[in-house]
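Written out below as structure tokens is the structure these notes cover.
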Amino acid sequence: LTASLLSSYPDAQFGEYVAELLKDELLEIPDALRSLVEKAIVSEEELDNLRSAYIDLFDRGRSSNPLYETEYGRARAMVKGQELADISGFYKAFGLEFGVDGTQKDMVDHVAIELEFYALLLLKQDHLVDNAEGSLVVHEARKKFLQDHLGRFVGAIAQRPGVKGSLFYSTLFAWCHELIQE
């Protein structure tokens with residue numbers, strides 16, 4: 001969930017939400033990333049710097065540093081609709097809804113959304129620890145989602161030249177890649 005929040009646009013609630021997460025003693029993030037995150041939320045000026053970096057890298061530089069799964073791969077134009085439908089199917093099957101109350105923050109294949117969904121699957125599996133059948137269903141969905149979606153492109157984000165040029169985002173996406181590899 002922390003990876004999802006940190007890889008999304010740092011909106012008005014970002015600093016507040018991140019500060020709350022950092023209070024959790026069980027949160028395991030690399031010290032280097034923790035330090036960068038703490039620095040980013042210390043003041044509105046630092047948050048504005050992070051917002052500017054995000055916009056430069058991922059909005060203005062969208063074609064060079066895409067955060068969307070369907071922007072990766074050779075046949076991306078031919079399979080984009082099919083991939084988006086498959087991702088949406090996963091979300092619907094496990095109760096993750098977007099566009100509630102007429103709002104939708106981003107496309108379903110944005111890395112932050114996919115990370116949030118995976119966090120939901122982990123929570124569901126933890127909740128179903130005493131339900132072998134349910135736990136198996138969620139475990140298989142996790143494996144398939146990593147294989148077919150999340151696991152296929154986060155490492156590529158970390159390797160983008162623009163991302164590698166940003167201390168904050170290179171550290172973040174290197175950590176995200178490590179999490180997914182685990």
Side-chain angles (χ1 to χ4, degrees), residues 1-18 20-21 27 29 33 37 40 50-51 53-73 76-77 79-127 138-160 162-163 166 168-182:
L1 192 57
T2 302
S4 171
L5 178 61
L6 294 176
S7 62
S8 64
Y9 177 74
D11 62 12
Q13 293 83 33
F14 181 85
E16 176 186 341
Y17 293 161
V18 170
E20 195 62 35
L21 281 172
L27 179 64
I29 63 173
L33 180 58
V37 170
L50 187 60
R51 290 177 184 117
Y54 186 98
I55 289 168
D56 285 345
L57 281 172
F58 306 119
D59 287 345
R60 289 187 191 117
R62 176 176 274 168
S63 62
S64 300
N65 307 299
L67 292 177
Y68 300 90
E69 176 189 341
T70 57
E71 294 300 314
Y72 291 89
R76 66 181 179 256
V79 298
K80 186 171 188 142
Q82 179 181 342
E83 291 294 317
L84 291 172
D86 191 50
I87 295 166
S88 294
F90 269 103
Y91 296 169
K92 186 173 184 169
F94 288 92
L96 188 62
E97 292 185 37
F98 295 98
V100 179
D101 299 328
T103 61
Q104 183 168 342
K105 285 185 120 175
D106 222 315
M107 295 288 295
V108 296
D109 66 328
H110 189 282
V111 65
I113 306 293
E114 291 196 19
L115 287 165
E116 182 178 349
F117 174 68
Y118 197 77
L120 173 71
L121 290 179
L122 290 170
L123 289 171
K124 284 185 179 285
Q125 187 152 16
D126 190 50
H127 179 73
V138 175
H139 178 76
E140 291 300 316
R142 284 181 44 218
K143 283 180 18 183
K144 185 146 181 61
F145 192 75
L146 280 177
Q147 177 183 343
D148 294 351
H149 298 291
L150 191 56
R152 295 185 336 171
F153 77 106
V154 173
I157 295 172
Q159 295 303 313
R160 305 304 298 177
V163 174
S166 165
F168 183 90
Y169 287 108
S170 65
T171 305
L172 169 64
F173 283 107
W175 176 61
C176 288
H177 183 63
E178 286 176 28
L179 284 176
I180 289 165
Q181 292 303 304
E182 285 178 22

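Bear in mind that the values here come from a model prediction, so they are computed numbers and not experimental data.
Counting only distance, with no hydrogens or angles, the side chain of Ser4 and the backbone of Ala112 share a donor-acceptor pair below 3.5 Å. Asn65 places no side-chain N or O within 3.5 Å of a backbone atom of Phe58 that could act as its donor or acceptor partner. Panel note: side chain Arg160, backbone Pro66; no donor-acceptor pair is recorded below 3.5 Å. Under the 3.5 Å distance criterion, the side-chain polar atoms of Arg51 are matched with a main-chain donor or acceptor of Pro10. Side-chain atoms of Tyr91 do not come within 3.5 Å of backbone N or O of Phe117 as any donor-acceptor pair.
Using a 4.5 Å heavy-atom cutoff, the side chains of Ile55 and Arg60 are in contact. Two residues are said to be in side-chain contact when any heavy atoms from C-beta on lie closer than 4.5 Å; Ser166 and Leu57 meet this criterion.
Atom CG of Leu96 sits about 9.0 Å away from atom NZ of Lys124, to the nearest 0.5 Å. Put simply, CZ on Phe90 and CD on Glu114 are 10.0 Å apart, with the number rounded to the nearest 0.5 Å. Here Leu172 contributes atom CG and Cys176 contributes atom SG; the two are 4.0 Å apart, rounded to the nearest 0.5 Å. Distance CZ/Phe173 to CZ/Phe168: 9.0 Å, rounded to 0.5 Å. Distance check, rounded to the nearest 0.5 Å: CH2 of Trp175 to OG of Ser170 gives 14.0 Å. Here CD of Glu69 is found 4.0 Å from CD1 of Ile87. Values are rounded to the nearest 0.5 Å.
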**Item:** CA sep, side-chain torsions, deciding dist, call: His149, Asp86, side-chain hydrogen bond (donor to acceptor under 3.5 Å, both in side chains)
**Value:** CA-CA 9 Å; His149 298 291; Asp86 191 50; 2.5 Å; yes
task: Check the pair Arg142 / Tyr118 against side-chain hydrogen bond (donor to acceptor under 3.5 Å, both in side chains), numbers first and verdict last.
output: CA-CA 7 Å; Arg142 284 181 44 218; Tyr118 197 77; 2.9 Å; yes
Margin query: Using side chain to side chain contact (heavy atoms under 4.5 Å, CB included), reason through Arg152 and Glu83 one step at a time and then give a plain yes or no.
Written below: CA-CA 12 Å; Arg152 295 185 336 171; Glu83 291 294 317; 3.6 Å; yes
Can you check side chain to side chain contact (heavy atoms under 4.5 Å, CB included) on Tyr9 and Leu50, steps first, answer last?
-> CA-CA 9 Å; Tyr9 177 74; Leu50 187 60; over 6 Å; no
Report the C-alpha separation of Val154 and Tyr72 in whole Å, then their side-chain angles, then the decisive distance to 0.1 Å, and conclude whether the side chain to side chain contact (heavy atoms under 4.5 Å, CB included) test is met. CA-CA 10 Å; Val154 173; Tyr72 291 89; over 6 Å; no
Notebook entry, point to check: Given Ile180 and Leu115, is the side chain to side chain contact (heavy atoms under 4.5 Å, CB included) satisfied, shown in steps?
Noted result: CA-CA 9 Å; Ile180 289 165; Leu115 287 165; 4.2 Å; yes
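Crowding of Gln82 atom CD: a count of heavy atoms from other residues, nucleotides or ligands under 6.0 Å not exceeding 12.
Heavy-atom minimum distance, Leu6 versus Tyr169: O-CE2, 4.1 Å. Residues Leu27 and Leu21 come closest through the heavy atom pair CD2-O, 3.5 Å. The two residues Leu120 and Phe94 come nearest to each other via the heavy atoms CD2-O, 3.6 Å.
Using a cutoff of 4.0 Å between basic side-chain nitrogens and carboxylate oxygens, Lys80 and Glu71 are scored as salt-bridged.
In this model, a donor atom of one side chain and an acceptor atom of the other lie less than 3.5 Å apart for Tyr68 and Asp106.
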